[in-house]
Each structure stands twice: as C-alpha cells, then as structure tokens.
2 protein chains.
Amino acid sequence: MEAQLTDQTEADSPLERYLRLLEIIAAFPGRLALADVAALSDLPKTTAHRLLKGLVKAELASGGQGGRAYSVGPRLSRILHATAEDGWLEALARPTLAALAEDSGEACYLTKLVGSRVLVAVSQAPEVRWRSYVQPGIEMPPHAAATGKAIIAYQSEALIRQALAAELPKLTVNTRSDEAWIREEFARVRDRGYATCVGEIDEGLAAIAAPVCQSDGLVLYSVGMTGPLQRIMGDKLPHHLAALMEASRALANKLSIGTKMYQAAVSAPE
Amino acid sequence: MEAQLTDQTEADSPLERYLRLLEIIAAFPGRLALADVAALSDLPKTTAHRLLKGLVKAELASGGQGGRAYSVGPRLSRILHATAEDGWLEALARPTLAALAEDSGEACYLTKLVGSRVLVAVSQAPEVRWRSYVQPGIEMPPHAAATGKAIIAYQSEALIRQALAAELPKLTVNTRSDEAWIREEFARVRDRGYATCVGEIDEGLAAIAAPVCQSDGLVLYSVGMTGPLQRIMGDKLPHHLAALMEASRALANKLSIGTKMYQAAVSAPE
DNA sequence: TGACTCGTTCCGATTTCCGGAATACTGTTC
DNA sequence: GAACAGTATTCCGGAAATCGGAACGAGTCA
C-alpha cells in the first residue's frame, strides 16, 4: 500500500468515517449513489454501504433505500435548532405573535422541537387583560396539546415513535392516550394543515395550532393560540384559523432566513 | 432468528450514543459539566467522558477541557452550510457583489467552505464588458487561490491539515506547494486581514480576497476579486482593497445578525 | 486535615466494526 | 428469453473499537 501520505493522518475512528461520509453527501445532496460515495471517500463499497445505512438509521442522512440518492437527513437541523437560545427567535417572532394575540384576544405562543419533545419558546399574551399566559420552557404533550400535535405529526416515523414512547398521561376525560387514535389524529392534522386541542388538557380550555414549515419541508416549530373553549371554538373559529395560518406563513418566512443566519453564527471557536 | 418483537428495542449503537450526547449538550449549550451530561444521558461517568472526548476531537462539540462547559462545535454548521442551496446566500450577497464589481470593473465572487474545500457560491461579472467570469461551483485551491487562502487560513488546525493533505498542484512558476511556505502565507493572511494571488493560478492573473468573519470568529465564506495582474496589482490596489474590505464587512454584518441577537439574549444574570 | 466532588487514566471483557467474497436485484442488449 | 452490465445487499471470520468498574490526581469546602 502507498500509505506514506495517509500514514500521517490522525486516527481514523468510526465516528470520523461517519462524518466524512456525511460531509461528502452534504456536498452533493441528492445526486450520489452508493458507488459514488464509495469512490469519493476511498472506501470499499461494502464499508460505505454499511456506514450509510448507519447514517440513515440515525436520521443523519436520508434517501438510500432504493431511491439510491443520498442527502442530509433532518437530525442535523434538529440538533442545531435545539442549540438556539431563544433570544433571536424571540426577536423575529415577537411582532407576529403580538399581532396574532391582539387580533384574537387570546394567548399565543411559539413552540420548538427539542429532541423528541415540544417546548414553548416564545409566549405572548394579549394586551386587553389578564387572560392566560403560557410559560416559556414548559413542555407540551405530543398527544394532547395542539402545538405538540402540530409539530410531531410532521416528523419522521422514528421520531414519532420516540415521542409516543414517553408517558402519555390522561389529563382530562377528553384525553386520548391510545396510539391508534393519536396516529389518526396526526393524519387529520397533516390533512387539514392545523391541529386542535378541545378540552384535552384542561376541560374548559381549547387551542389551535399550525406547523411552521421550513423551505425544505422540515417542521421544527409550531405556532398556537389557546383560550376558553367557547371563545376559541365558537363563531370566530374561521377567523382565528385564518389569522393563525397567516401567522404561520409569516413566521416560516422569517425563520427560514433567521435560522440560516443563526446557524452560520452559532458555535464558538475557542 | 425471528427477532420481530425485539424490534421495538432500538439498537443502541455507538453512533446513536454519540448523537444522544450531542443532542443533550445542544439543548443546554455552555452550561453542562461532565457529571450533568452523564446524569442526563443515563451513562456512566467514564463512558460519557470518553464519548464527549470523541465528539470534541471530531469538532462536533467544543469546550470540555477544564472549562467544563460543553457546547456544539463548528462542524455541524459547516456540514449544514455545505448542504444549503445558495439561494438565500445569493439574495443576501448579490447587491454587495454587484456594487463591488461595478466599482472595480473586475469579476467578483463569494466562496464558501464545503468540507475542507473552497467552492464558488455566488459570482458576479462587471457590466462593462466581457472580462472574466468565475463559474459557480468550481473549486479554489487552498494553496494558490486568494479566496482559498482567505478561508482556510482561519480554520482549525485539524481542518487546515485536511485541506493541505489534498494534492497541491504547481499551476504556474509562481505556485508554491511546500507546506512551510503555505503556512507562512496563512499567517500573513491572518496578519493583514486579506489574501492575494499573484500569478499563482494563471501567469497573467491576480486576485485579492477577504474572509467574511462571523462575529464569533468563525469563517465560512470569503469574498474575492480577480483580473489581469496589472489591473489588480497596479495603482488601484489600495482602492480595490478598501472596497473589498468594505464588502467583507457588509457581508459579515448581514450574516451576523443572528449572533448579535443571541449574545444580547445570553448576557443575562447568574 | 479529612471528606467530598470533579475530571481523568487504566485495562480486560465485550461488542462492534471491517471489508473481501458471494448473492440478489434491477434494467438493458442482442 | 438468455446473457449481461450495473447496481444494492447479505454473510462472516478476523481485527479493532468500545464499554464501564476501579483507581488516581486535583481542586474545594468545612
């Protein structure tokens, strides 16, 4: 072997190999087959195949099976988004949330996906009066909360399973904890484009929520509105829904630019 | 053999463990010590320590040594930036590049770091006439091109070594391929804040380039200007350099908005 | 000083990874 | 339809990495 030059290269751990492959498919997203990856990485086809399968299973890469065109999976984005201290997010989302809260007179908030959990990132109560307020940082149950459903329903099967593996408490008589129903509910959410919560967390409270879709189709955030059941689900529901969907679109626009700038800037040199 | 039911016990491969740790430190950046990570991940201290060291060595995480506060490293950002279609980048950079090209009358372009290679992301020729045009997507050699030097000179030792491990062809009589000289050149680049290429790629061509520095020091892009040697390196060089540095600052500003919000939010109590 | 916690190193048992050889699955050509 | 090229995928013995309990230095508080 001509191992003169490769000799000085540092230890080639399995982790390093995974990352090298990931960088290769990241450089040419969606246009590399197994043979290409193997050639570019100087690895035997067999080894490249095994490593790629590992990357796909970990959701770091996607494609592979039959489609034979690998690209970067959703997990990287999820990790980087989870790092965000919510300062910049707040600055971008606050105006939209404030307008939504003012228009509806209800509490509105933005949630984000952290691992397989859904946390409140930014919260905004309407000016009018103290009605309700959603504390930033609290966790939204994926099977009951509108914002929880609105995010989890759009995730990969692996992440959905992970989310549903957690304890799913029956909070009220309306709460459904059986997986079959929850999956049907997720299908309804995807079908309608928004999620609801009708007395499933608190008997008198309802909520509606919409996913915030990135340009690449990933859903890492959702925007929600909550209040007394009659006020949310009454005559004004169509109006609330229209405003919510409009807010979702506006946020998608801002966040898709803001997150990319944030990703460029995050991480510390030393 | 028939392990259909054991299917639900997710395989806990080493890669999966690495990622779980990474997600944990991503969720609480800069405030977790080893013991915390071990507790949150349900792993023995020893194992957590070993895995974290692996993450740090791979530049997926940073911190660790003594500082006892882990956070997400620069590598994830690099990978995600490599995958990003350059649409948003183009929208942000095009006006600045156009102004620079118009002012100088030369071809100007923005390059980005992809793995350990430097590729042209956005290119802009001056209106005046056909002079030269740099094709987006082509690779810039790290030892000869001004834009290559301007990015690689600011990277970590590991990435510099990786970049210089590639073949460094002697393109003209002026090209230097010996590592000692290249590292001195990188030091000069860091010292002056810009890079040059004087007939090192084509005998009659010269180029100048400046890194686009994020406010935290990370360099993922550089902006360059190229043209005939006499026109670039002649009397107008000071003017070109000033315009280039100004363009670099303008681009850095656009890309760093996220960081400033982040820092404002982080400078909190405790 | 002693008790405590922290990060770190050591090392045998265990597990995973490695990659050549062989196999299965396409779609194309004659 | 048979032969063929080009894929992706499985098999499996040898090699190498990982695992984590035990033990070690360094710092801290009482």
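What you are looking at is a predicted structure, and each value in this text was computed from that prediction instead of being measured. Letters A, B, ... mirror the listed sequences (proteins, then strands); counts begin at 1.
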(request) Mind listing the closest non-hydrogen atom pair of B:Pro136 and B:Ala121 along with its distance? (result) CB-O, 4.0 Å
(request) Find the bend of the helix from C:dG7-D:dC24 to C:dC30-D:dG1 as the angle between its two terminal axes (five pairs each), to the nearest 10°. (result) 40°
(request) Measure the distance from CG on A:Leu52 to P on D:dT7 and round it to the nearest whole Å. (result) 15 Å
(request) Please name all residues satisfying side chain to side chain contact (heavy atoms under 4.5 Å, CB included) with A:Ala145, sequence neighbours left out, ordered by chain then number. (result) A:Met140, A:Pro141, A:Thr147, A:Ile201
(request) Have a look at B:Lys53 and say if it touches a base, only the backbone sugar-phosphate, or nothing, with a 4.0 Å heavy-atom cut-off. (result) sugar-phosphate
(message) Restricting to salt bridge (charged side-chain N to carboxylate O under 4.0 Å, His left out), what partner residues turn up for B:Arg190, sequence neighbours left out?
(response) none
(request) Tell me, please, which residues at least two apart from B:Glu185 pass salt bridge (charged side-chain N to carboxylate O under 4.0 Å, His left out). (result) B:Lys149, B:Arg188
(request) Keeping to residues at least two apart or across chains, list the side-chain hydrogen bond (donor to acceptor under 3.5 Å, both in side chains) pairs with something in residues 45-55 of chain A. (result) none
(request) Go along nucleotides 11-23 of chain C 5' to 3' and tag each nucleotide: B for a protein heavy atom under 4.0 Å from its base, S when only backbone or sugar atoms are that close, - otherwise. (result) -----SSBBBB--
(message) Run the side chain to side chain contact (heavy atoms under 4.5 Å, CB included) test against A:Pro14 and tell me which residues pass, sequence neighbours left out.
(response) none
(message) According to salt bridge (charged side-chain N to carboxylate O under 4.0 Å, His left out), who are the partners of B:Glu139, at least two apart in sequence or on a separate chain?
(response) B:Arg117
(request) List for me each residue that meets salt bridge (charged side-chain N to carboxylate O under 4.0 Å, His left out) alongside B:Asp42, sequence neighbours excluded, and say none if there are none. (result) none
(message) Below the 4.0 Å mark, does C:dT8 have OP1 or OP2 next to a side-chain nitrogen or oxygen of B:His49?
(response) yes
